[in-house]
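Working notes for the structure below.
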Amino acid sequence: MNITIICVGKIKEKYLTDAIKEYSKRLSKYCKLNIIEVADEKTDENASDNLNEIVKDKEGERILKNIKDNSYIITLEIGGKMLSSEELAGKIDEITMFENSNITFIIGGSLGLSKNISNISNYKLSFSKMTFPHQLMRVILLEQIYRSFRILKNEPYHK
């Protein structure tokens, strides 16, 4: 199984980088993991809605260039479906059994995802109605993917 995570922006904090490295190492037992960072667009905090859409579209173009044709796309979106850890494990299992062994998770930038990226998503996933920093979301996603594999293999971790 191949899992790709496409995310906007670079990780700047060492503690987040360390956590990403740790979960990447743990996941290597279960899948081939590829994390792709695309550049984020700088924008003013007081930018207009129109300018924010332009920023998301530019980031979306960068994301699109990194999506493989043969991948099942899961976008992380506040308006997506919320799943328990066990349900996410079941979803990953279902995708790999019936759909595809290549899964691409997409994390947008600080403004979210462009409509173009959301529209090509096979599944929209939400971790909460709350907003999380997109850099922290990468760690949370990796942890939940790791937890999913542990659940699927009936290995202790998820209790």
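For the numbers below, each heavy atom of this structure counts, side chains included, while hydrogens, waters and symmetry mates do not.
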Problem set entry | Euclidean distance, E77 CD relative to S126 OG, rounded to 0.5 Å | 9.0 Å
For this session: Answer yes or no: is there a donor N or O on one side and an acceptor on the other, between the side chain of T75 and the main chain of I106, under 3.5 Å?
Result: no
Problem set entry | 4.5 Å side-chain heavy-atom contact, T4 and N102 | no
Exercise. Do L88 and V139 share a hydrophobic cluster, counting only Ile, Leu, Val, Met, Phe, Trp and Tyr and linking them when any side-chain heavy atoms are less than 4.5 Å apart?
Worked result: yes
Problem set entry | Same apolar cluster (I L V M F W Y, side chains within < 4.5 Å links), I6/L136 | no
For this session: Check whether any side-chain heavy atom of M1 sits under 4.5 Å from a side-chain heavy atom of F149, and report yes or no.
Result: yes
Exercise. Which is it for E143 and R147 under the salt bridge (charged side-chain N to carboxylate O under 4.0 Å, His left out) test, yes or no, and what are the steps along the way?
Worked result: CA-CA 6 Å; E143 190 280 333; R147 183 180 297 266; 2.7 Å; yes
Problem set entry | salt bridge (charged side-chain N to carboxylate O under 4.0 Å, His left out) between K91 and E87, intermediate numbers included | CA-CA 6 Å; K91 183 69 180 168; E87 289 170 328; over 6 Å; no
Problem set entry | Closest heavy-atom pair and its distance - T96, S101 | CG2-CA, 4.4 Å
Exercise. Are side-chain heavy atoms of N2 and N34 found at a separation under 4.5 Å?
Worked result: no
Exercise. Is there a side-chain contact between L141 and I145, using heavy atoms and a 4.5 Å cut-off?
Worked result: yes
Exercise. With side chains defined as the heavy atoms from C-beta onward, is the minimum distance between L142 and R26 less than 4.5 Å?
Worked result: no
Seminar exercise, completed: Nearest heavy-atom contact between C7 and I35 is SG-CG2, 4.0 Å
Exercise. Is there a path of hydrophobic side-chain contacts, each under 4.5 Å between heavy atoms of I, L, V, M, F, W or Y residues, that connects L113 with I73?
Worked result: yes
Exercise. Same hydrophobic cluster for F127 and I95, using side-chain heavy-atom links shorter than 4.5 Å among ILVMFWY?
Worked result: yes
Problem set entry | Flag, side chain of K124 to backbone of G79, donor-acceptor distance under 3.5 Å | no
Problem set entry | Flag, side chain of R138 to backbone of I20, donor-acceptor distance under 3.5 Å | no
Exercise. Taking C-beta and beyond as the side chain, do I107 and V8 meet within less than 4.5 Å on heavy atoms?
Worked result: no
For this session: Would you check if the side chain of E59 reaches a backbone N or O of S114 as a donor-acceptor pair within less than 3.5 Å?
Result: no
Exercise. Would one find more than 12 heavy atoms of other residues, nucleotides or ligands at under 6.0 Å from atom NZ of K58?
Worked result: no
Exercise. Can you list the steps and then say if K42 with D40 is a salt bridge (charged side-chain N to carboxylate O under 4.0 Å, His left out)?
Worked result: CA-CA 7 Å; K42 304 299 177 219; D40 56 346; 3.4 Å; yes
For this session: May I ask you to test the I92-Y30 pair for a side-chain heavy-atom distance under 4.5 Å?
Result: no
For this session: Using modelled atom types only, decide if a donor and an acceptor are shared between the side chain of E41 and the backbone of K56 within a distance under 3.5 Å.
Result: no
Problem set entry | F132 vs L76 side-chain heavy atoms within contact, under 4.5 Å | no
Exercise. Under a 4.5 Å side-chain heavy-atom rule over Ile, Leu, Val, Met, Phe, Trp and Tyr, are I103 and L64 clustered together?
Worked result: no
Exercise. Does CG belonging to D49 count more than 12 external heavy atoms closer than 6.0 Å?
Worked result: no
